[in-house]
**Q** 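For reference, the structure I am asking about is given below.
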Amino acid sequence: MSQTVPQPPASPDSSSLPALRVAVLGAGTVGTEVLRLIAQQGDELAHRIGARLEVTGVAVRDRTKDRGEHVPAALLTDDPSALVREADLVIEVMGGIEPARALLLEAMEHGASVVTANKALLAQDGASLYEAADVHGVDLSFEAAVAGAIPLVRPVRESLAGDRIQRVMGIVNGTTNYILDAMTRTGADFGDALASAQELGYAEADPTADVEGHDAAAKASILASLAFHSRVRLADVHCEGITSVSAQDIAAAGRMGRTIKLLSIVERVEEENGERISARVYPALIPDSHPLASVSEAYNAVFIEAEAAGSLMFYGQGAGGAPTASAILGDVVSAARSRVHGGVGPRESRYAELESIPLEELRSAFYISLTVQDRPGVLAEIAGTLSGYGISISTIHQELLHSREEGSQALAHIGISTHRALESAMTASLDMFSATATVLSIDSVLRIEGD
């Protein structure tokens, strides 16, 4: 007896629907995926929108390069300015500050809505883009700029608009998460883990933006601006990368039941005279029981604490062509619907105008690693220095380092966890350690989060 194999329903014909002219700036990994999805899902997208997406051109630097079947050579142009002036909707995936900024401003001036994945531009000069969108009555959408495929911007901007967000803490850079995860799993040092990430395509040939924390800082700037209804500039974000995290730090974290992650943290800081905003990026130790501790490989996850909603976690692929293209097309559908049915999407909300608080005025718990002389009284001296600046010790781990040469000075390694203290107090303590002969080196300083 033959069995009939069910066939998927045919896509409805959208040829009778009006068209929206779409310009694409950039045809790299993400841009190519966007074009592929538009081509493959065109009819379905058209019926969701109420209009067809008609790609009128793709701006590239090199028109001679073969970009595959989903980027026809006939669509390629090296005149992006002419392209955006004739568009209803512009998708920007070229990256960088210029000429992206000038092109998006020109597009909005000519009435086009904009969808961008450009976190660096939004963090550095989002103000000019927001203002242009308001002046010209168009949409500015950027879901893909923060966490790839993870729906995060829209939940913060819209779903939680009726709530009061207190804190956002997350892993928003897949490259650094892969590196730290590899160091934790294998015991590798930073250099070997980075090489592995580059070999697998998780890290660029020049990984500076990722490993120094710049990419995560740009995303923190965007998240803080959205969550706290204030403009938070990239310069307001304290930024530290992971290049100084060692295999010894990873091992020490393991002994403490903790994991090291590069965290982007934005939060309200309640003070006697009101509130300020903290936005910061740094590697930190979090308990193995924390939801973010189990985020592995190149995945992203963001933990949001809101007054009414409580704790929320968003998890998924934070980078890659297809995941990022998914977020971009979500914005495209939303912006296109606005054009078809009238109106615009959410505008910039900055009524609160909260100021940023300098890092030195925050209170943090710390883990510090020191190489010291192995002699009586050293621990008391170190504890006295910390106590003098109002820092109390939570735990101490001491390990003797065998001398390489007979008769040379005996050394020890000390790992100290502290209770919460002012950042300025820890800075002063470290300056004192650097000035004493007892402490031979300050090997690492990491913060402790998530308790």
Side-chain angles (χ1 to χ4, degrees), residues 169 180-181 183-190 238 240-263 265 280 282-290 292-293 359-405 408-451:
M169 180 170 78
L180 292 173
D181 183 53
M183 292 174 70
T184 300
R185 286 185 291 102
T186 68
D189 62 19
F190 171 80
H238 175 81
E240 298 176 26
I242 66 168
T243 54
S244 62
V245 176
S246 66
Q248 289 74 24
D249 294 329
I250 297 289
R255 288 195 300 268
M256 299 162 62
R258 296 179 181 273
T259 302
I260 298 178
K261 297 291 187 182
L262 182 71
L263 300 180
I265 303 171
R280 55 200 192 270
Y282 47 56
L285 292 84
I286 58 175
D288 288 339
S289 59
H290 194 282
L292 292 178
L359 184 74
E360 59 266 21
E361 296 181 30
L362 291 178
R363 300 183 71 85
S364 301
F366 294 89
Y367 169 76
I368 58 175
S369 173
L370 309 172
T371 299
V372 302
Q373 296 178 12
D374 183 37
R375 60 171 176 77
V378 168
L379 281 178
E381 184 178 333
I382 290 170
T385 298
L386 293 172
S387 177
Y389 288 100
I391 302 172
S392 63
I393 293 174
S394 173
T395 64
I396 294 180
H397 176 82
Q398 182 173 350
E399 180 182 353
L400 179 66
L401 300 177
H402 296 288
S403 302
R404 292 184 179 180
E405 298 179 10
S408 63
Q409 185 180 38
L411 305 177
H413 172 266
I414 296 177
I416 299 174
S417 299
T418 77
H419 295 292
R420 288 169 63 82
L422 279 172
E423 290 267 354
S424 57
M426 178 54 73
T427 299
S429 297
L430 295 173
D431 288 343
M432 287 292 291
F433 291 150
S434 297
T436 179
T438 300
V439 177
L440 302 181
S441 65
I442 300 169
D443 301 320
S444 62
V445 180
L446 295 165
R447 292 164 187 86
I448 299 172
E449 296 283 350
D451 288 334

**Q** Please determine whether side-chain contact (heavy atoms from CB on, under 4.5 Å) holds for the pair V372 and L411, giving the CA-CA distance in whole Å, both sets of side-chain angles, and the decisive distance to 0.1 Å.
**A** CA-CA 6 Å; V372 302; L411 305 177; over 6 Å; no
**Q** Any side-chain heavy-atom pair from V245 and I250 closer than 4.5 angstrom?
**A**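 Yes, side chains in contact.
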**Q** What is the minimum heavy-atom distance between L262 and Y282, and which atoms define it?
**A**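 Residues L262 and Y282, closest heavy atoms: CD1-C, 3.5 Å.
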**Q** Going by heavy atoms in the side chains, are M256 and L285 under 4.5 Å from each other?
**A**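 Result yes, sub-4.5 Å side-chain heavy-atom pair found.
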**Q** Hey, mind stepping through E360 and L422 against side-chain contact (heavy atoms from CB on, under 4.5 Å) and telling me if it holds?
**A** CA-CA 7 Å; E360 59 266 21; L422 279 172; over 6 Å; no
**Q** Evaluate the criterion side-chain contact (heavy atoms from CB on, under 4.5 Å) for residue pair S444 and Y367; output intermediate values, then yes/no.
**A** CA-CA 8 Å; S444 62; Y367 169 76; 4.2 Å; yes
**Q** Specify the closest pair of heavy atoms between I442 and L430, including all atoms of both residues, with the distance to one decimal.
**A**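 Here I442 and L430 meet closest at CD1-O, 3.5 Å.
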**Q** Could you tell me which non-hydrogen atom of G187 sits nearest to which non-hydrogen atom of A247, and how far apart they are?
**A**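 In terms of heavy atoms, the two residues are closest at O-CB, 3.9 Å.
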**Q** Test your reading of the model: is there a side-chain donor-acceptor pair from T436 to the backbone of M432, 3.5 Å cut-off?
**A**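 Absent.
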**Q** For residues I414 and L379, determine if any side-chain heavy atom of one lies less than 4.5 Å from a side-chain heavy atom of the other.
**A**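 The answer is yes, as the side chains (C-beta and beyond) meet within the 4.5 Å cut-off.
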**Q** Are Q373 and T438 linked by a side-chain donor-acceptor pair shorter than 3.5 Å?
**A**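 Checked: Q373/T438 side chains show no N/O donor-acceptor pair below 3.5 Å.
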**Q** Please report the interatomic distance CG(L370) to OG(S434), rounded to the nearest 0.5 Å.
**A**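 Separation between the atoms: 9.5 Å.
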**Q** Side chains of S417 and S394: is there a donor and an acceptor less than 3.5 Å apart?
**A**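 Per modelled atom types, S417 and S394 side chains form no pair under 3.5 Å.
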**Q** Run the side chain to side chain donor-acceptor pair (under 3.5 Å) test on D181 and T184 for me, step by step, so that the C-alpha distance in whole Å, both residues' side-chain angles and the decisive distance to 0.1 Å come before the verdict.
**A** CA-CA 5 Å; D181 183 53; T184 300; 5.6 Å; no
**Q** If you measure from NZ on K261 to CD1 on I242, what distance do you get to the nearest 0.5 Å?
**A**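 Separation between the atoms: 10.5 Å.
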**Q** Can you list every salt bridge (Lys or Arg N to Asp or Glu O under 4.0 Å) pair that touches residues 416-443, not counting sequence neighbours?
**A**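 Non-adjacent pairs meeting salt bridge (Lys or Arg N to Asp or Glu O under 4.0 Å): E423-R447.
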**Q** Would you check if T371 and V439 make a side-chain contact, meaning some heavy-atom pair closer than 4.5 Å?
**A**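 In short, these two side chains do not touch, never coming nearer than 4.5 Å.
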**Q** From M183 CE over to T259 OG1, what is the distance, rounded to the nearest 0.5 angstrom?
**A**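 Going from CE on M183 over to OG1 on T259, the span is 12.5 Å.
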**Q** Please examine the side chains of Q398 and D374, heavy atoms only from C-beta on, and report whether any two atoms are closer than 4.5 Å.
**A**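 In contact.
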**Q** Mind checking whether I448 and F366 have side chains closer than 4.5 Å, heavy atoms only?
**A**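 The answer is no; the side chains never approach within 4.5 Å.
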**Q** Is E449 salt-bridged to R280, going by a charged N under 4.0 Å from an acidic O?
**A**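 Salt bridge present between E449 and R280.
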**Q** Would you indicate whether the side-chain heavy atoms of F433 and I368 approach each other to under 4.5 Å?
**A**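 Counting from C-beta outward, I368 and F433 do come under 4.5 Å.
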**Q** Measure across P287 and D451 and return the closest heavy-atom pair with its distance rounded to 0.1 Å.
**A**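 Heavy atoms only, the tightest pair is CG-OD1, 3.1 Å.
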**Q** Under the criterion salt bridge (Lys or Arg N to Asp or Glu O under 4.0 Å), I'd like the reasoning laid out for E381 against R375: C-alpha separation, chi angles, the key distance, then a yes or no.
**A** CA-CA 11 Å; E381 184 178 333; R375 60 171 176 77; 3.4 Å; yes
**Q** Assess whether side-chain contact (heavy atoms from CB on, under 4.5 Å) is satisfied between S369 and H413, documenting all intermediate values.
**A** CA-CA 7 Å; S369 173; H413 172 266; 2.5 Å; yes
**Q** Under 4.5 Å between any side-chain heavy atoms of H290 and M169, yes or no?
**A**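 Answer yes - side chains close enough.
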**Q** Using every non-hydrogen atom in the two residues, find where D288 and R258 come nearest and quote the distance to one decimal.
**A**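 Nearest heavy atoms, D288 then R258: OD1-C, 3.2 Å.
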**Q** If you compare all heavy atoms of Y389 against all heavy atoms of S429, which two are closest, and at what distance to 0.1 Å?
**A**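 The answer is CD1-OG, 3.3 Å.
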**Q** For the NE2 atom of H419 and the CD1 atom of I393, what is their distance to the nearest 0.5 Å?
**A**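 Rounded to the nearest 0.5 Å, the NE2-CD1 separation comes to 9.0 Å.
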